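Below, read A as the first sequence line, B as the second, and so on, with proteins coming before strands; counting in each chain starts at 1. Just so you know, these numbers come straight off a predicted model, no measurement behind them.
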Amino acid sequence: MADIKKIATRESYGNALVECAEDFPNLVVLDADLAGATKTGTFKKAYPDRHIDCGIAECNMTGIAAGLATCGKIPFISSFAMFAAGRNFEQVRNSIGYPHLNVKIGATHAGITVGEDGATHQCFEDIALMRTIPGMTVIVPSDDVEARAAVRAALEHEGPVYLRFGRAAVPVFNDNADYKFEIGKGVQLKEGSDVSIIATGICVDSALKAAELLAADGIKADVINIHTIKPLDEEIVLKTAKKTGKVFVAEEHSVIGGLGSAVCDLLSEKAPTKVVKIGMKDRYGESAPAGELVKKYGLDGEGIYNTIKANL
Amino acid sequence: MTNLELQKAANEVRKGIVTAVYNAKSGHPGGSLSAADMFTYLYFEEMNIDTKNPKMEGRDRFVLSKGHTAPGLYSTLANRGFFPVEDLKTLRKLGSYLQGHPCMQETPGVDMSSGSLGQGISAAVGMALAAKLDNKNYRVYTLLGDGEIQEGQVWEASMFAGAHKLDNLVVIVDNNGLQIDGKVEDVCSVYPIADKFKAFNFNTIEIDGHNFDEIRAAMEKAKETKGMPTAIIMKTTKGKGVSFMENQAGWHGKAPNDEEYAIAMADLAKIEEELGKAGE
């Protein structure tokens, strides 16, 4: 296992902005005094004239981005998910969503893997908030390869995009020649006919690990990576639900309103199937190293495996 | 334009406001009327705009941060020639391109959607910043209510504008003294207004918002001022021009009935007559 490369998706985000800078001359990056943490500092160093630090004022940063977008810029606004989606919800809704402006929201430090900073900074509600905004695209990359591809795809896409990145280093598993990122297109990672595991973000890697444990018990899991929560790849979700009839959805987010809910919305209407949601169960987080929290809340491979075994 | 021409245009704008809100049976006449002279000056005299090409690249921009006074903006745009004055009667109606609050995708001439107080000024700051980043010389104007400046985001935006020396930005505060729940000093005092903007590194100018000489002088001063944004704090009368609406908080967001509409239009006809005589 020692040779598996690990990179935090926030790191990938900062690198991707630099990689895209020449191809997108209208790209500008805005921060609210967190350039060091959101890793946009990398971009700031390379393109100081295209980086604007707005100070600790996320709502104003969002409005500034809206104004810049009306003048042809493609602003990326950066903050922690708690502020980018939480504190900022109404600004994103009214100043960016309603006029459908071409602003990208790079939200880092999402979920429980914030770790030691604890509950006030661990956001489990952002996917729910952002996916209710009409016209908003919501993307949750699972590793470095996907995060960098997602940033480029967001820049190519006309309209608002919310991208969710993590603080903790996570294994890189999409580094194969066949990997292709397309907004709204899920990725079939493993074929199986007994249970479906639909996952997003850090839980994709956990789902693959759970599938290995299940395989040892003779249970074949169909594993799907949904990097785009909205628009949801309905085809791939319906196909796996019809194939296995048992769906488990895993995410580093509240079980209320996240990918699990999006899957239930779809299946309840088009292919009623039992769905078990694996995520934060209507509660706040707490301080501890990220790895310990992931384990405690059952979001690692073993945790997902245990939930599946208990619900078969 | 001469002051008299501007006064006449502003009176037409006021007629459009009253007519739009009357036909909609709802809307915000008070703050639309208090800002009618400023709206008129901006669109008839100050701003570099093209009614035939509302999205002209190098145009000056306007953001109505106090978005509820959309009738004032719409009536100005219509009278200026962006769309037919007759269409003001469709305000707030199903299928109309004149939404209750400004929508940039629907209405020709509207540069930014607004309505949630405190947000428009940030967008205006973003536009002014875009001009600076691209070395363009267009200017950006935004109009705020005096009640609106109770919103914290106004001061986040002002701090940024001052810090970044956005001298292409003019923030106008319509100080009519009234908000929904009463007088601004009773609800939660916003005073002193000019000193606050001064503290945020603005050039500040206090004027009578119904006096075109003072409006003109303030706009010229704003253009001459380099290295800092300008805040124009204009004293106005809420409901200006309609006798029974003047200085009444109750007319913040209420439409006149048939009888009231007739009185309002008679008030404005009388002003028109007086302005006609003044021109003779």
- Out of A65(A), G55(A), P75(A), A57(A), which one racks up the most heavy-atom pairs below 4.5 Å with chain B? A57(A)
- Item | Nearest non-hydrogen partners of D146(B) and V173(B), listed with the distance | CA-CG1, 4.0 Å
- For each of M61(A), E90(A), R50(A), H100(A), tally heavy-atom pairs with chain B at distances under 4.5 Å, and name the one with the top tally. E90(A)
- Message: Non-hydrogen contacts under 4.5 angstrom with chain A: give the residues of residues 128-142 of chain B involved, or none if there are none.
- Response: L129(B), A130(B), L133(B), D134(B), Y138(B)
- Donor-acceptor contact present, side-chain S65(B) to main-chain I121(B), <3.5 Å: yes
- Item | Y13(A) (side chain) donor-acceptor with R164(A) (main chain) under 3.5 angstrom | no
- Heavy atoms only: give me the nearest D111(B)-M127(B) pair and the separation to one decimal. O-CE, 3.7 Å
- Task: Please work out which of the three classes, parallel, tilted or perpendicular, describes the rings of F43(A) and H51(A), given edges at 30° and 60°.
- Result: tilted
- Task: Verify the ring-centre separation between F197(B) and W155(B): is it less than 6.0 angstrom?
- Result: yes
- How would you list, by chain and number, every residue that makes a side chain to side chain contact (heavy atoms under 4.5 Å, CB included) with D265(A), sequence neighbours excluded? R131(A)
- Item | Under 4.5 Å from a heavy atom of chain B, the part of L30(A) involved | neither
- Message: Which one wins on heavy-atom pair count under 4.5 Å against chain B: A66(A), G67(A), A69(A)?
- Response: G67(A)
- Do any N or O atoms from the side chain of E251(A) and from the backbone of G260(A) form a donor-acceptor pair under 3.5 angstrom? yes
- Per-residue contact mode, D53(A) against chain B (heavy atom under 4.5 angstrom): backbone
- Between S114(B), S113(B), A124(B), the one whose heavy-atom pairs under 4.5 Å with chain A are most numerous: S113(B)
- Message: Could you check whether H121(A) and H109(A) have their ring centres less than 6.0 Å apart?
- Response: no
